[in-house]
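Structure record follows, encoded as structure tokens.
Start at 1 and go down the list; that is how both ligands and their atoms are numbered.
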Amino acid sequence: MPELPEVEALVQDLRGRLVGRAISRVDLTAFSALKTFDPPLQALHGTLVDGVERHGKFLDIDASGVHLVIHLARAGWIRWRDEVPAVPARPNAKNPLAARIVIDDPDLEAQPGLDVTEAGTRKGLAIYLVRDPREVEGIARLGPDPLSDDFTLEALRRILESEGRKQIKGVMRMQSIIAGIGNAYSDEILHAARMSPFKPANSLDEAELQTLYDALRGTLGEAVQRSSGLAASELKGEKKSNLAVHGRTGQTCPVCGDVVREVSFADSSLQYCATCQTGGKPLADRRMSRLLK
Ligand SMILES: [Zn+2]
């Protein structure tokens with residue numbers, strides 16, 4: 001799932017490709033992905049793109065005051081194409097294409113475009129067309145952006161204290177508490193902070209708070225730096241090759257050489273290093289103990 005650094009990189013990439021150009025049409029092929037009906041998608045036809053912004057994990061294309069907002073969910077992605085077919089895309093169950101945004105550029109012979117795709121059968125991709133991005137409930141509810149200037153140590157302290165004894169891993173993933181962090185980067189930040197994912201949010205002492213704050217800003221900031229300038233097609237590989245523990249169950253912790261362990265839940269799992277994060281004591285997980293036998 002794309003998180004803050006990948007969406008930020010997509011936004012930067014799209015800004016360079018879209019701003020100042022006009023949208024000639026939008027083909028919607030996965031009808032259930034469109035969550036709004038007013039204004040209609042046709043309102044975009046012929047509009048000039050003024051800007052591309054990010055709100056948490058949401059991508060926001062501002063086309064002359066009409067905002068096309070996209071949430072890529074688990075398996076959504078964006079692909080720039082230098083040339084798209086002249087014939088409008090049609091719904092096709094076998095094709096991951098959910099929507100195509102066709103760009104009108106009189107200087108070019110071919111029409112370039114943006115394909116919004118979603119792989120798999122569990123559909124979560126969401127597209128909104130609104131006059132103000134805050135009309136999207138998920139955006140209106142967003143907590144502070146962890147890379148913004150006002151996300152200070154004090155801000156993090158207030159957030160964690162107000163979440164009581166909830167596990168820190170879950171708190172970091174709640175978009176209404178902190179915007180943009182998902183399963184992968186919460187694993188990575190906690191590993192960098194050498195902190196157990198199950199640590200209660202309000203139990204951090206002053207030194208731990210500072211360590212977590214530095215890990216949070218550092219991990220996300222470095223990921224944004226590495227990703228910026230990369231094309232959408234390069235981002236997934238870039239993310240994967242730089243993860244220390246997330247998605248690396250059974251592999252070696254790059255910091256201490258211990259094996260990366262996992263705790264599995266009904267529809268997700270977390271990864272961590274026991275030596276780095278839990279004083280060498282593995283967290284309980286039935287499936288993991290089977291794997292290690
Ligand atoms: Zn380790």
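K166 and E163 are joined by a salt bridge, as a carboxylate oxygen and a charged side-chain nitrogen come within less than 4.0 angstrom of each other. Taking a cutoff of 4.0 Å between a charged side-chain nitrogen and a carboxylate oxygen, D27 and R90 do not qualify as a salt bridge.
Looking at K239, its side chain does come within 3.5 Å of a backbone N or O of M1 through a donor-acceptor pair.
Side-chain contact, S24 with D104: no donor N or O sits under 3.5 Å from an acceptor N or O. Side-chain atoms of E6 and Y185 include a donor-acceptor pair closer than 3.5 Å.
Tested against I70, the residues D60, V116, L10 include a single side-chain contact (heavy atoms from CB on, under 4.5 Å) partner, V116.
Listed by chain and number, C253 SG, C256 SG, C273 SG, C276 SG are the protein N/O/S atoms closer than 2.8 Å to the Zn ion (ligand 1), with waters left out.
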